[in-house]
There are 2 protein chains.
Amino acid sequence: MNTRGQQVQRDVLAILRRERAPLSAYKVLAEMRRATPKMAPTTIYRALAALIKAGRVHKLESLNAFIACRSGKQDHSAVLSICDECGQVEETAAPEVVEALSTLAGRSGFRPVRHVIELRGQCASCENEEVSP
Amino acid sequence: MNTRGQQVQRDVLAILRRERAPLSAYKVLAEMRRATPKMAPTTIYRALAALIKAGRVHKLESLNAFIACRSGKQDHSAVLSICDECGQVEETAAPEVVEALSTLAGRSGFRPVRHVIELRGQCASCENEEVSP
DNA sequence: TGCGTAATGTAATGTTATAACGTAGCAATC
DNA sequence: GATTGCTACGTTATAACATTACATTACGCA
Ligand SMILES: [Zn+2]
Ligand SMILES: [Zn+2]
Ligand SMILES: [Zn+2]
Ligand SMILES: [Zn+2]
């Protein structure tokens, strides 16, 4: 059916997949503009929204940046561990933690729809470097 | 010792405490400008940073907004449940969830320093309204 | 008192995100 | 085949959020 925007989505996803670290929307835009100089922010944000909805991309809320999903699963709530040294992000499925959170919040009648779980810290290799300078 | 900035911090905290829903930095700024019309964004961001560091204020990363801490405890990682209907936020201490997350992430050598745990959904009263229109 | 330094004030700018509105493409109906 | 209605898309502008850079001030201390 619609091909214009789906191509944008494919391209955006390809750009995000090439990177191991998250990209801001405007970094993605800059990449896209190499082929399509006049592309506007809105186009990128729409593509990102669609990809997120489809579970192909995660937004890192504490970073205002985006990363391709590395898990095959559909519609999952992931734990995103962000290294503040090197910027790399590790994605971990954690259904039991999500479950525990939902239960906890549910005690007061809150009904969660979306989970934002991000850890900021240092990855294994960056912490090792720190020890031996 | 320093009194200029600490007064700003007190005022910002008072503004955030009056509200049950989070405020953006610029909303806080607008409030502050009623008394000090020339106050600049930087001043607010500095005060917010200090208050966050002191554990008196939380930033809602998925909302780019701030809320006064409702817990008495120092230096805690809270679960923040945000109602997307009415904007109210509920703060829950959840040491066991935080622990579980740290353990989980630690399996790959990641060392978490800060935890961002936000739930988006509907609070009890908003969900009830929805049922009976 | 004069100096060094850390906190604060101020202005400008950078970055992220959305609003508002018009247009293209396509399918159903007449 | 024209008309209508729907939805996705393009375009422009602007709103909203945040930081950099540098000048100024306060304050402890020699
Ligand atoms: Zn994923
Ligand atoms: Zn790292
Ligand atoms: Zn708190
Ligand atoms: Zn509510």
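Bear in mind that the values here come from a model prediction, so they are computed numbers and not experimental data. Just so we're on the same page: letters track the sequence lines, and every chain starts at 1.
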Test your reading of the model: is there a side-chain donor-acceptor pair from A:Thr36 to the backbone of A:Arg33, 3.5 Å cut-off?
no

Here the distance between atom P of D:dA18 and atom CG of B:Leu48, to the nearest Å, is 9 Å

Which one, C:dA19, C:dT10, D:dC9, comes nearest to the side chain of B:Ala40?
C:dT10

With a 4.0 Å limit, can you tell me whether B:Lys38 has a side-chain N or O closer than that to the phosphate oxygens OP1/OP2 of C:dT8?
no

Do A:Leu60 and B:Ile82 share a hydrophobic cluster, counting only Ile, Leu, Val, Met, Phe, Trp and Tyr and linking them when any side-chain heavy atoms are less than 4.5 Å apart?
no

Assuming nearest nucleotide by heavy-atom distance, tell me which of A:Glu61 and B:Arg46 is located more 5' along DNA chain C.
B:Arg46

How are the rings of B:His76 and B:His58 set relative to one another: parallel (under 30°), tilted (30 to 60°) or perpendicular (over 60°)?
parallel

Apply side-chain contact (heavy atoms from CB on, under 4.5 Å) to the pair A:Lys59 and B:Ser62, showing each step before the final yes or no.
CA-CA 9 Å; A:Lys59 176 171 187 180; B:Ser62 69; over 6 Å; no

Against the side chain of A:Tyr45, the closest entry in D:dT19, C:dA17, D:dG10 is C:dA17

From NZ of B:Lys59 over to P of D:dT19, roughly how many Å is that when rounded to an integer?
7 Å

Between D:dA18 atom P and B:Ile44 atom CD1, what is the distance in whole Å?
13 Å

Output yes when a side-chain donor or acceptor of A:Arg120 lies under 3.5 Å from a complementary backbone atom of B:Pro112, and no otherwise.
no

Would you say B:Gln122's side chain and B:Cys83's backbone share a donor-acceptor pair under 3.5 angstrom?
no

So B:Leu51 and B:Val12, side-chain contact (heavy atoms from CB on, under 4.5 Å) or not? Walk me through it.
CA-CA 9 Å; B:Leu51 289 165; B:Val12 167; 3.8 Å; yes

Take the protein atom CD of B:Gln7 and the nucleotide atom C1' of C:dG9, then report the distance between them rounded to whole Å.
16 Å

Suppose we call a contact any N or O donor and acceptor under 3.5 Å apart; does that hold for the side chain of B:Thr42 and the base of C:dA11?
yes

Using a cut-off of strictly less than 4.0 Å between a heavy atom of the residue and any atom of DNA chain D, enumerate the qualifying residues of residues 19-30 of chain A by number.
none

Output yes when at least one side-chain N/O atom of B:Asn64 is less than 4.0 Å from OP1 or OP2 of D:dA16, else no.
no

Distance check needed: D:dC17 P versus A:Leu63 CG, whole Å only.
18 Å

Figure out the CD/P separation between B:Gln9 and C:dG9, and round it to whole Å.
11 Å

